[in-house]
There are 2 protein chains.
Amino acid sequence: MNIQAEIEKIKHSLMESGYKLTTQREIIVRVLLENEEDHLSAEDVYMLVKEKFPEIGLATVYRTLELLAELQIVAKMNFGDGVARFDLRGQDHEHMHHHLICHTCGALEEIKDDWLLELEQRLEAEYGFKVIDHRLDFIGNFRSCPNDNCKTHKGSA
Amino acid sequence: MNIQAEIEKIKHSLMESGYKLTTQREIIVRVLLENEEDHLSAEDVYMLVKEKFPEIGLATVYRTLELLAELQIVAKMNFGDGVARFDLRGQDHEHMHHHLICHTCGALEEIKDDWLLELEQRLEAEYGFKVIDHRLDFIGNFRSCPNDNCKTHKGSA
DNA sequence: TCTCAATTTAGAATGATTCTAAAATAATGG
DNA sequence: CCATTATTTTAGAATCATTCTAAATTGAGA
Ligand SMILES: [Zn+2]
Ligand SMILES: [Zn+2]
Ligand SMILES: [Zn+2]
Ligand SMILES: [Zn+2]
């Protein structure tokens, strides 16, 4: 995915809602895009942004992430350690992706397909509940964990 | 569900793992059972326990809830406000139930059936991922929200 | 009863997040 | 270009949930 193009899209989302894409915001967004695979905490983002723009304030990072969450550009997630993590939702107003979480080491893999469409239809029909958003995480063990240092047995055919 | 019977079960789980059901722990568990429908924060539990046992310390509440989470008796959940909420998993080692969350007012409804069995088989077969636990929440709008004060239109046939 | 381990307590400490007031920046209108 | 005003950012203080600490309590077994 072309990062510059993504930034443009996000810029439009911001402007639509009456916000500007300031330098700080742009760098924060860029950091998120460049680390799409990770699930960064505000502090993580702060550190990474500081490398490119040392004058940034932590409050700005928090505020911007909050703003991006409001605009549904990122999801603010909580995986049980004490910190909020921010996860790009992906292009356009896509559904929230699902997570596979290694029970041993916490490593994350994402499933981008939407596995919930059927259930959501059923919810509307049977429960009178119209779904706007969802969250689906699985905790378990990978036959082969994406984290090479994970102590789960791996490789051996 | 008979509360006393549930407490017995939980007592067994505790003892199996070498813990005692102290007075404090019992009251905390009782409060959880009596408020099964709610999703109480540690502070909420603390308040409710204090009514029955004013000498209780907040640290004990936190420690006990942590313990119950370890034993899979409760799930420690985070719904995006700043606090952890503790949710009884239900009898035995049942799967974690699903949530319907009102987008307007935050009211919660639970779905106790397991809607994920198929997906979990697929995960094992296609992704080599063996599921231990899951979390599934839907955010959306009820045709008729369980919270009577919710501003979502309701009733009208 | 004495001893040891488990548990609880109050309060201090921590750490993530939010708030505040002042400074910087950007857009607007003359 | 200058003054005005709104938006945004900054540093640091404040808040608030949670965890830690050291001392007191409890309870089972010798
Ligand atoms: Zn993700
Ligand atoms: Zn792993
Ligand atoms: Zn629940
Ligand atoms: Zn509602």
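This is a predicted model, so every value here is computed, not measured. We name chains A, B, ... by the order of the sequence lines, and we start the count at 1 in each one.
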Asks: Within this structure, what is the CG-to-C1' distance between A:Asp44 and C:dG15, rounded to whole angstrom?
Replies: 14 Å

Asks: Are more than 12 heavy atoms, taken from residues, nucleotides or ligands other than A:Lys11, located less than 6.0 Å from that residue's NZ atom?
Replies: no

Asks: Please tell me whether A:Trp115 and A:Val131 are part of a single hydrophobic cluster in this structure, the criterion being side-chain heavy atoms less than 4.5 Å apart.
Replies: yes

Asks: Give the residues of residues 78-86 of chain B touching DNA chain D, defined as any heavy atom closer than 4.0 Å, sorted by residue number.
Replies: B:Gly82, B:Val83, B:Ala84

Asks: May I ask you to check whether over 12 heavy atoms, not counting those of B:Lys52, lie within 6.0 Å of atom NZ?
Replies: yes

Asks: Apply side-chain hydrogen bond (donor to acceptor under 3.5 Å, both in side chains) to residues A:Asp87 and A:His97 and explain how you reach the verdict.
Replies: CA-CA 10 Å; A:Asp87 201 0; A:His97 58 253; 2.8 Å; yes

Asks: Rounded to whole Å, please give me the gap between OH in A:Tyr46 and P in D:dT9.
Replies: 14 Å

Asks: Do side-chain atoms of A:His99 reach the backbone of A:Ile139 as a donor and acceptor pair under 3.5 angstrom?
Replies: no

Asks: Does the ring of B:Phe53 carry B:Arg25 above it, NZ/CZ under 6.0 angstrom from centre and within 45° of its axis?
Replies: no

Asks: Please state how far atom OH in A:Tyr62 lies from atom P in D:dA13, giving the value in whole angstrom units.
Replies: 17 Å

Asks: Between the protein and nucleotides 6-8 of chain C, list every N/O to N/O distance that falls short of 3.5 Å.
Replies:
residue: C:dT7; atom: OP1; partner: B:Arg25; partner atom: NH1; Å: 3.0
residue: C:dT8; atom: OP1; partner: B:Thr22; partner atom: OG1; Å: 2.5
residue: C:dT8; atom: OP2; partner: B:Arg63; partner atom: NH1; Å: 3.2
residue: C:dT8; atom: O3'; partner: B:Gln24; partner atom: NE2; Å: 2.8

Asks: Rounded off to whole Å, could you give me the CG-to-P distance for the B:Leu58 and D:dT21 pair?
Replies: 17 Å

Asks: Using salt bridge (Lys or Arg N to Asp or Glu O under 4.0 Å), reason through A:Arg30 and A:Glu26 one step at a time and then give a plain yes or no.
Replies: CA-CA 6 Å; A:Arg30 187 180 293 278; A:Glu26 175 166 348; 3.2 Å; yes

Asks: Is it true that atom CD of A:Glu118 has more than 12 heavy atoms of other residues, nucleotides or ligands lying nearer than 6.0 Å?
Replies: no

Asks: Send over the distance from A:Glu43 CD to C:dG15 P, rounded to a whole Å.
Replies: 11 Å

Asks: May I have the distance from A:Ile27 (atom CD1) to D:dT8 (atom C1'), rounded to whole angstrom?
Replies: 15 Å

Asks: Quick check: does any side chain N or O of A:His134 sit under 3.5 Å from a backbone N or O of B:Leu136, one acting as donor and the other as acceptor?
Replies: no

Asks: Kindly indicate whether the side chain of B:Leu65, heavy atoms from C-beta on, has any atom under 4.5 Å from the side chain of B:Lys76.
Replies: no

Asks: Could you state the CE-P distance from B:Met15 to D:dG27, rounded to the nearest angstrom?
Replies: 13 Å

Asks: Using atom CD of A:Glu66 as one end and atom C1' of D:dT7 as the other, report the distance to the nearest whole Å.
Replies: 18 Å

Asks: Strictly distance-based, threshold 3.5 Å: is any side-chain N or O of B:His95 a donor or acceptor partner for the main-chain N or O of B:Lys112?
Replies: yes

Asks: With 3.5 Å as the limit, what N/O pairs link the protein to nucleotides 3-5 of chain D?
Replies:
none

